[in-house]
Amino acid sequence: MSHLILSRRDIDFLLFDWLRADALAERPQFAGHDRDTWNAILDVYEKLAVERFAPHNKKNDSHEPHFDGERVSINVEVGEALRAFSTAGLMAAGMPAEVGGLGLPGCIERAGFAFLTAANAGSVAYAMLTIANANLLIAHASPGIVARYVQPMAEGRYFGTMCLSEPQAGSSLADIRTRAVPQQDGRYRLFGNKMWISGGDHELSENIVHLVLAKIPREDGSLPAGVQGISLFAVPRRLVDHEGRLGERNDVVLAGLNHKMGYRGTVNCLLNFGEGRHRPEADAGAIGEIVGEPGQGLAYMFHMMNEARIAVGLGAAALGYTGYLHALDYARTRTQGRRRSERDPASPPIALVEHADVRRMLLAQKAYVSGALALCLYAARLSDDAHSLPDETGRRDSHLLLDLLTPIVKSWPSQWGLAANDLAIQIHGGYGYTREYNVEQHYRDNRLNPIHEGTFGIQALDLLGRKIGQAKGAGLELLSGRIAATIEQARPQAPLARHAAALDAAWHRLRSVTASLQSLADAELRLANAAAYLEAFGHVVVAWLWLDQAIAANADDDFARGKRAACDYFFGWELPKLEAWLGVLHPVERTPLDTDARWL
């Protein structure tokens with residue numbers, strides 16, 4: 001299928017030549033599946049991306065959702081695409097058979113989802129949130145809640161959201177004020193406001209299931225301080241009875257839309273809970289049911305947040321990738337200038353791709369986006385192992401490694417997929433920043449991803465402040481073992497031996513700096529330059545994955561040679577950046593910490 005959305009050849013290489021996803025079919029959880037089945041399903045994802053999602057991507061960008069004070073209007077093509085997606089069974093692709101799912105491995109589902117995100121990030125976001133919402137409920141909610149909400153979501157009749165942030169609190173969830181007041185029948189009435197809610201109000205589905213973080217008041221009416229008092233609630237837009245019948249409108253009201261620079265097809269909302277405009281069961285307050293135990297809401301929500309973080313990284317990789325393919329196509333077809341050795345001004349101009357500096361930019365894009373895609377699919381493969389390996393140790397190790405890598409999976413593609421989009425605009429020259437060409441929209445869409453689901457700085461604090469030392473550093477040791485195994489495989493191969501040596505040196509340097517930072521008693525000092533640590537850590541991880549890919553790319557064709565060239569580029573141009581980042585960590589460069597806010 002000819003298109004500029006994503007490279008199916010690269011997807012197939014990453015899944016089957018590198019990650020050996022076909023071996024998953026031997027595990028009981030995926031019995032009845034095989035590579036032919038998964039290829040057919042990937043064909044469906046790709047076809048939907050080309051025929052249903054891509055055609056209205058620019059329309060989404062120029063005609064964003066509109067709120068007239070009563071209803072939100074969204075382009076009709078959004079609903080049509082999502083219905084086609086649901087009809088194909090893909091809303092439930094990764095869900096278990098008990099709820100009507102196909103039970104696909106996560107790495108296959110994520111690869112398919114990458115096509116849709118590259119084609120139209122704004123439209124597919126509704127599906128991503130719904131799937132993550134349903135997966136959280138399957139893992140943590142009561143059977144009654146699962147029965148009422150998950151099956152309709154699996155069928156695409158209900159959509160889902162996650163409601164965390166509030167206008168005054170932002171990312172500081174300890175400071176949320178939404179209240180959940182207990183009722184005599186065991187349900188709760190919620191009162192408060194939630195900001196930045198993607199998919200928060202629309203007419204695309206019969207119902208919307210909001211997963212809402214809120215605090216249960218103490219007996220004196222005060223709210224518990226900090227995150228320990230946060231609980232999680234399932235709050236439907238319309239009430240649902242025990243037989244699954246839709247009832248009256250709940251007290252959840254759209255207060256206004258946020259107009260973003262990208263992802264314009266995704267309605268983004270400020271929602272009011274319990275303002276009294278609707279009075280379900282003759283009283284004010286949004287009716288919700290608690291998910292799990294009181295006070296454990298944030299722990300449950302991390303199930304959805306981590307899934308969403310990996311999805312954001314995948315989306316950033318996909319947007320970077322489609323920008324790269326557009327730039328490559330333009331560079332191959334646009335003629336401009338001549339070689340330095342050609343003196344005759346009457347000679348025909350050459351294609352942009354023939355200029356070394358353009359090839360440099362294309363190599364950088366390829367290294368960023370294919371490296372980012374490999375990182376996301378590797379994380380999905382870890383998740384599959386964590387749920388399907390026969391031995392408990394293997395499952396535990398896969399979970400530990402995935403937990404360690406999640407901040408990188410979210411942040412590295414968001415940072416460097418965006419850099420690839422920037423280069424795609426540059427290759428297009430003046431045409432690149434005009435709306436007639438797709439690459440400027442790719443950049444604007446991708447610019448949201450360093451902020452979505454926890455900013456780059458929050459991921460950095462999570463990595464250095466929590467994940468590195470979690471389980472007494474077990475995840476870090478597991479990663480060290482896997483990197484060492486790749487290095488040993490690469491050493492005997494002459495073209496890769498120098499990269500193996502460079503990766504070995506970089507990893508030991510990073511481990512040394514890590515130990516130095518962990519020895520600092522002052523947490524403010526230790527974490528002051530955490531962003532530089534995340535940059536360095538992410539680059540070493542992606543260098544490892546590039547070397548591992550290069551080992552697998554052992555064919556003698558243009559695709560394999562392109563893989564090895566991208567690996568060479570990453571080690572030649574990107575890994576040397578490590579010293580600049582580590583240089584401000586050992587010893588810690590104090591300027592950001594010591595600068596008085598009044599001086600800025």
Chemist: Decide yes or no on side chain to side chain donor-acceptor pair (under 3.5 Å) for His326 and Asn438, but give the supporting numbers first.
Modeler: CA-CA 8 Å; His326 280 78; Asn438 292 331; 3.2 Å; yes
Chemist: Which residue pairs satisfy the ring-ring contact (aromatic ring centres under 6.0 Å, His included) criterion with at least one member in residues 169-188, sequence neighbours excluded?
Modeler: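 Only Tyr188-Phe233 qualify under ring-ring contact (aromatic ring centres under 6.0 Å, His included).
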Chemist: With a 4.5 Å cut-off on side-chain heavy atoms, are Asn272 and Val252 touching?
Modeler: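 When only atoms from C-beta onward are counted, Asn272 and Val252 do not touch, as no gap falls below 4.5 Å.
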Chemist: If you take all heavy atoms of Pro105 and Trp38, which pair is closest and at what distance?
Modeler: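 For Pro105 and Trp38, the tightest heavy-atom pair comes out as CG-CZ2, 3.5 Å.
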Chemist: Please evaluate residues Thr266 and Val124 with respect to the criterion side chain to side chain contact (heavy atoms under 4.5 Å, CB included), reporting the C-alpha separation (whole Å), side-chain torsions for both, the decisive distance (0.1 Å), and the verdict.
Modeler: CA-CA 8 Å; Thr266 309; Val124 80; over 6 Å; no
Chemist: Decide yes or no for Ile287 and Asp251: does some side-chain heavy atom of the first lie under 4.5 Å from some side-chain heavy atom of the second?
Modeler: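 No, too far: nothing below the 4.5 Å cut-off.
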Chemist: So, are Glu46 and Arg8 salt-bridged, with charged N and O less than 4.0 Å apart?
Modeler: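 Yes, Glu46 and Arg8 are salt-bridged.
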Chemist: Under the salt bridge (charged side-chain N to carboxylate O under 4.0 Å, His left out) criterion, do Glu80 and Arg52 qualify, and how do the steps go?
Modeler: CA-CA 8 Å; Glu80 292 169 354; Arg52 293 289 190 167; 5.0 Å; no
Chemist: Restricting to non-hydrogen atoms, name the atom on Ala380 and the atom on Cys107 that form the minimum distance, rounded to 0.1 Å.
Modeler: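 Looking at all heavy atoms of both residues, the closest pair is CB-CA, 3.6 Å.
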Chemist: With no hydrogens and no angle check, do the side chains of Ser123 and Asn60 hold a donor and an acceptor under 3.5 Å apart?
Modeler: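 Ser123 vs Asn60: donor-acceptor pair found between side chains.
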Chemist: Taking NZ, NE, NH1 and NH2 as the nitrogens, is one of them in Arg148 or Asp241 under 4.0 Å from a carboxylate oxygen of the other?
Modeler: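 The answer is no: the pair does not qualify as a salt bridge.
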Chemist: I'd like to check Val267 versus Ser198 (side-chain heavy atoms, cut-off strictly below 4.5 Å). Are they in contact?
Modeler: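 No, too far: nothing below the 4.5 Å cut-off.
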Chemist: Taking all non-hydrogen atoms of both residues into account, name the closest pair between Leu534 and Pro407 and its distance.
Modeler: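 Closest heavy-atom pair between Leu534 and Pro407: CD1-O, 4.4 Å.
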Chemist: Are the side chains of Ile131 and Phe113 in contact, using a 4.5 Å heavy-atom criterion?
Modeler: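 A side-chain contact under 4.5 Å exists here.
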Chemist: Quick check: does any side chain N or O of Ser231 sit under 3.5 Å from a backbone N or O of Gly295, one acting as donor and the other as acceptor?
Modeler: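 Yes, because the side chain of Ser231 sits within donor-acceptor range (under 3.5 Å) of the backbone of Gly295.
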Chemist: Evaluate side chain to side chain contact (heavy atoms under 4.5 Å, CB included) for Asp12 paired with Asn39, printing each intermediate quantity in order.
Modeler: CA-CA 9 Å; Asp12 288 344; Asn39 274 325; 3.9 Å; yes
Chemist: Count the heavy atoms belonging to other residues, nucleotides or ligands that lie under 6.0 Å from CD of Glu293, then report whether that count exceeds 12.
Modeler: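 Open: at most 12 neighbouring heavy atoms sit under 6.0 Å from CD of Glu293.
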Chemist: Counting only N and O atoms by type, is there a donor-acceptor contact under 3.5 Å from the side chain of Lys410 to the main-chain atoms of Thr455?
Modeler: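 Such a contact is absent between Lys410 side chain and Thr455 backbone.
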Chemist: Would you give me the side-chain donor-acceptor pairs under 3.5 Å for residues 306-317, sequence neighbours excluded?
Modeler:
from   : atom 1 : to     : atom 2 : distance (Å)
Asn306 : ND2    : Phe302 : O      : 3.3
Glu307 : OE1    : Asn135 : ND2    : 3.2
Glu307 : OE2    : Asn135 : ND2    : 3.0
Arg309 : NE     : Glu453 : O      : 3.0

Chemist: For the backbone of Asn207 and the side chain of Arg238, can you confirm whether one donor and one acceptor N or O come within less than 3.5 Å of each other?
Modeler: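 No: the side chain of Arg238 does not pair with the backbone of Asn207.
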Chemist: Are any side-chain N or O atoms of Arg264 and backbone N or O atoms of Asp61, one a donor and one an acceptor, separated by less than 3.5 Å?
Modeler: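 Indeed, once roles are kept as given, a pair shorter than 3.5 Å links the two residues.
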Chemist: Write down the atom of Ile138, the atom of Pro96, and the distance for their closest heavy-atom approach.
Modeler: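 Scanning both residues, the minimum pair turns out to be CD1-CD, 4.1 Å.
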Chemist: Looking at His399, I want to see if its NE2 is surrounded by more than 12 non-hydrogen atoms of other residues, nucleotides or ligands under 6.0 Å.
Modeler: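 For His399, atom NE2 is not crowded (no more than 12 foreign heavy atoms under 6.0 Å).
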Chemist: Quick test of your reading: applying ring-ring contact (aromatic ring centres under 6.0 Å, His included), list the pairs with at least one residue in residues 242-263, sequence neighbours left out, ordered by first then second residue.
Modeler: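 Of all non-adjacent pairs touching residues 242-263, those that pass ring-ring contact (aromatic ring centres under 6.0 Å, His included) are Tyr263-His452.
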Chemist: Measure from the side-chain N and O atoms of Thr322 to the backbone N and O of Ala318, and report whether any donor-acceptor pair falls under 3.5 Å.
Modeler: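 A pair under 3.5 Å: no.
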Chemist: Any side-chain heavy atom of Glu109 within less than 4.5 Å of one from Ile41?
Modeler: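 Result no, sub-4.5 Å side-chain heavy-atom pair not found.
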Chemist: Using a 3.5 Å distance criterion without hydrogens, assess whether the side chain of Lys215 forms a donor-acceptor pair with backbone atoms of Pro224.
Modeler: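 Here the side-chain-to-backbone pair exists.
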Chemist: Salt bridge between Glu206 and Arg237, side-chain N to carboxylate O under 4.0 Å?
Modeler: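 No salt bridge links Glu206 with Arg237.
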Chemist: I need the full list of ring-ring contact (aromatic ring centres under 6.0 Å, His included) pairs touching residues 137-164, with sequence neighbours left out, sorted by first then second residue.
Modeler: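 Residue pairs with at least one partner in residues 137-164: His140-Tyr300, His140-His303, Phe159-His202.
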Chemist: State plainly whether the residues Glu392 and Arg396 are in salt-bridge range, i.e. N to O under 4.0 Å.
Modeler: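 Answer for the salt bridge query: no.
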Chemist: Applying side chain to side chain donor-acceptor pair (under 3.5 Å) to Glu166 and Thr178, what does each step give before you reach the verdict?
Modeler: CA-CA 8 Å; Glu166 297 180 4; Thr178 298; 2.6 Å; yes
Chemist: If you look at every heavy atom in Ala225 and Arg218, which pair is closest and at what distance?
Modeler: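 Shortest heavy-atom separation between Ala225 and Arg218 comes out as N-NH2, 3.8 Å.
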Chemist: Stepwise, does the side chain to side chain donor-acceptor pair (under 3.5 Å) test hold for Thr161 with Asn133?
Modeler: CA-CA 7 Å; Thr161 74; Asn133 181 306; 5.3 Å; no
Chemist: Donor-acceptor pair, Arg395 side chain versus Leu389 backbone, under 3.5 Å?
Modeler: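 Yes; at least one donor-acceptor contact below 3.5 Å.
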Chemist: What do you reckon, is CD of Gln168 surrounded by more than 12 foreign heavy atoms closer than 6.0 Å?
Modeler: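 Buried by this count: over 12 neighbours within 6.0 Å.
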Chemist: For Arg189, does the CZ atom sit with more than 12 other heavy atoms under 6.0 Å from it, leaving out its own atoms?
Modeler: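 Yes, the 6.0 Å shell around CZ holds more than 12 heavy atoms from other groups.
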Chemist: Can Glu243 and Arg245 be counted as an ion pair, charged N to O under 4.0 angstrom?
Modeler: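 Looking at Glu243 and Arg245, the cut-off is met.
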Chemist: Check whether any side-chain heavy atom of Val78 lies under 4.5 Å from a side-chain heavy atom of Tyr126, and answer yes or no.
Modeler: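 Touching, per the 4.5 Å side-chain cut-off.
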Chemist: When you compare the side chain of Gln441 with that of Lys58, does any pair of heavy atoms fall below 4.5 Å?
Modeler: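 When only atoms from C-beta onward are counted, Gln441 and Lys58 do touch, with a gap below 4.5 Å.
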Chemist: Scan for ring-ring contact (aromatic ring centres under 6.0 Å, His included) pairs involving residues 44-84, sequence neighbours excluded, and state none if there are none.
Modeler: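 Residue pairs passing ring-ring contact (aromatic ring centres under 6.0 Å, His included), neighbours aside: none found.
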Chemist: Does the side chain of Leu270 reach to within under 4.5 Å of the side chain of Lys194, using non-hydrogen atoms?
Modeler: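 No; the side chains remain at least 4.5 Å from each other.
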Chemist: Do NZ/NE/NH1/NH2 and the carboxylate oxygens of Arg187 and Glu281 come within less than 4.0 Å?
Modeler: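 Here Arg187 pairs with Glu281 in a salt bridge, since their nearest N and O are under 4.0 Å apart.
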Chemist: Nearest heavy-atom pair of Leu24 and Asp385: which atoms, and what distance?
Modeler: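 Answer, listing the atom of Leu24 first, then Asp385: CD2-OD1, 4.2 Å.
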Chemist: Does Asp36 have any side-chain contact (heavy atoms from CB on, under 4.5 Å) partners at least two apart in sequence or in another chain, and if so, which?
Modeler: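 Once residues adjacent in sequence are excluded, the partners of Asp36 under the side-chain contact (heavy atoms from CB on, under 4.5 Å) criterion are Asp34.
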